[in-house]
*Asks:* 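Dropping a structure here in structure tokens format, bear with me for questions.
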Amino acid sequence: MSSVGIFYGSNGGATESLAYDISEELIRSGFKVEIMDIAEVSLKEVEAFDNIIIGTSTMGMRVLQDDWEDVLDRISNMSFEGKNVALFGTGNQEIYPDTFADGLGVLFDLIRNSDANLVGQWSTDGYKFRESNAVVDKKFVGLVLDDETQHNHNKARIKDWVKQLTVSFN
Ligand SMILES: Cc1cc2nc3c(=O)[nH]c(=O)nc-3n(C[C@H](O)[C@H](O)[C@H](O)COP(=O)(O)O)c2cc1C
């Protein structure tokens, strides 16, 4: 059975809870999943997986969730060669339309030059915002979930995204 490691950073629990929702969908699709809080893992544990999902909330313009700040340097030096990496981010498009899901863009910048096979890009259709550094080539670099203003979209978005990932994950 293929294994997926999900690593998340969460201040108030929204990203954590969504990480578990993603995990449940992957399990339904036949994957074995380990889910870990980035505040409590060593990066060696991240490297152990061939399929990796990384998630963060956004705490301001180009600001990741707090626990990621402690591991940024180490992550940018990690090798993701031969690994499938998918990213997800949470944010609030109504209160922060100019920095929507920026944290996801920061994660992307960290690993864009690694040898990771980045998967899981996501359409911006259905979201309403002005600026986001998580948009590259007109798409989000990973799944964006707005639990505060579009909670009712989470389930379908996660389902579609996981379906997309299962094609790429090995
Ligand atoms: C101090 C603060 C700053 C925030 N800044 C942004 C922001 O710039 N862009 C955005 O999309 N969301 C922003 N948010 C919204 C959070 O990303 C959102 O509430 C998220 O669901 C929190 O997830 P968590 O509970 O897992 O940390 C901010 C929230 C807080 C509390």
Side-chain angles (χ1 to χ4, degrees), residues 4-27 33-43 45-46 49 51-76 78 85-112 118-162 164-165:
V4 182
I6 303 183
F7 302 88
Y8 66 86
S10 181
N11 279 359
T15 311
E16 176 178 43
S17 164
L18 291 162
Y20 277 90
D21 292 345
I22 291 169
S23 153
E24 278 170 25
E25 194 58 38
L26 280 161
I27 291 166
V33 183
E34 279 190 53
I35 179 160
M36 282 161 265
D37 186 336
I38 196 67
E40 288 161 16
V41 296
S42 80
L43 294 181
E45 291 175 84
V46 182
F49 290 88
N51 301 309
I52 298 169
I53 296 178
I54 308 179
T56 183
S57 51
T58 299
M59 289 293 139
M61 184 182 272
R62 293 174 192 253
V63 181
L64 290 165
Q65 183 273 338
D66 303 359
D67 298 315
W68 285 106
E69 298 293 344
D70 301 334
V71 290
L72 290 188
D73 287 349
R74 280 178 289 148
I75 285 213
S76 56
M78 264 175 68
V85 180
L87 309 175
F88 76 98
T90 54
N92 182 320
Q93 63 205 296
E94 285 182 10
I95 303 181
Y96 307 98
D98 295 313
T99 57
F100 180 45
D102 263 22
L104 172 62
V106 179
L107 273 188
F108 175 73
D109 283 341
L110 277 177
I111 62 167
R112 70 190 305 174
L118 269 168
V119 298
Q121 288 79 9
W122 188 247
S123 170
T124 57
D125 290 354
Y127 303 82
K128 203 168 164 220
F129 61 97
R130 282 190 294 267
E131 291 283 336
S132 169
N133 80 335
V135 175
V136 173
D137 295 335
K138 296 190 177 151
K139 282 192 145 194
F140 286 125
V141 294
L143 176 65
V144 172
L145 297 167
D146 182 340
D147 196 47
E148 286 156 16
T149 78
Q150 291 188 331
H151 174 80
N152 55 337
H153 289 269
N154 289 345
K155 206 170 168 192
R157 284 175 175 163
I158 288 171
K159 196 164 192 250
D160 283 357
W161 190 60
V162 165
Q164 190 181 317
L165 296 187

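Bear in mind that the values here come from a model prediction, so they are computed numbers and not experimental data. Whatever order the structure lists ligands and atoms in, that order sets their numbers, starting from 1.
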*Asks:* Do W68 side-chain atoms and Y8 backbone N/O form a donor-acceptor pair below 3.5 Å?
*Replies:* no

*Asks:* Given E69, which of D66, L72, D73, D67 fulfils the side-chain contact (heavy atoms from CB on, under 4.5 Å) condition?
*Replies:*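 Checked D66, L72, D73, D67 against E69; only one passes side-chain contact (heavy atoms from CB on, under 4.5 Å): L72.
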
*Asks:* Which pairs, with at least one residue in residues 143-161 and sequence neighbours excluded, count as a salt bridge (charged side-chain N to carboxylate O under 4.0 Å, His left out)?
*Replies:* none

*Asks:* Would you list the atom pairs, donor with acceptor, under 3.5 Å between side chains in residues 132-143 and any protein atom, with sequence neighbours excluded?
*Replies:*
residue : atom : partner : partner atom : Å
S132    : OG   : F100    : O            : 2.5
S132    : OG   : A134    : N            : 3.0

*Asks:* Looking at every heavy atom in both M78 and L43, which two are closest together, and how far apart are they?
*Replies:* SD-CB, 3.8 Å

*Asks:* Going by side chain to side chain donor-acceptor pair (under 3.5 Å), name the pairs with one or both residues in residues 96-105, residues two or more places apart or in two chains.
*Replies:* D98-R130

*Asks:* Which protein residues have a heavy atom under 4.0 Å from ligand 1?
*Replies:* S10, N11, G12, G13, A14, T15, S57, T58, M59, G60, T90, G91, N92, Y96, T99, F100, A101, E148

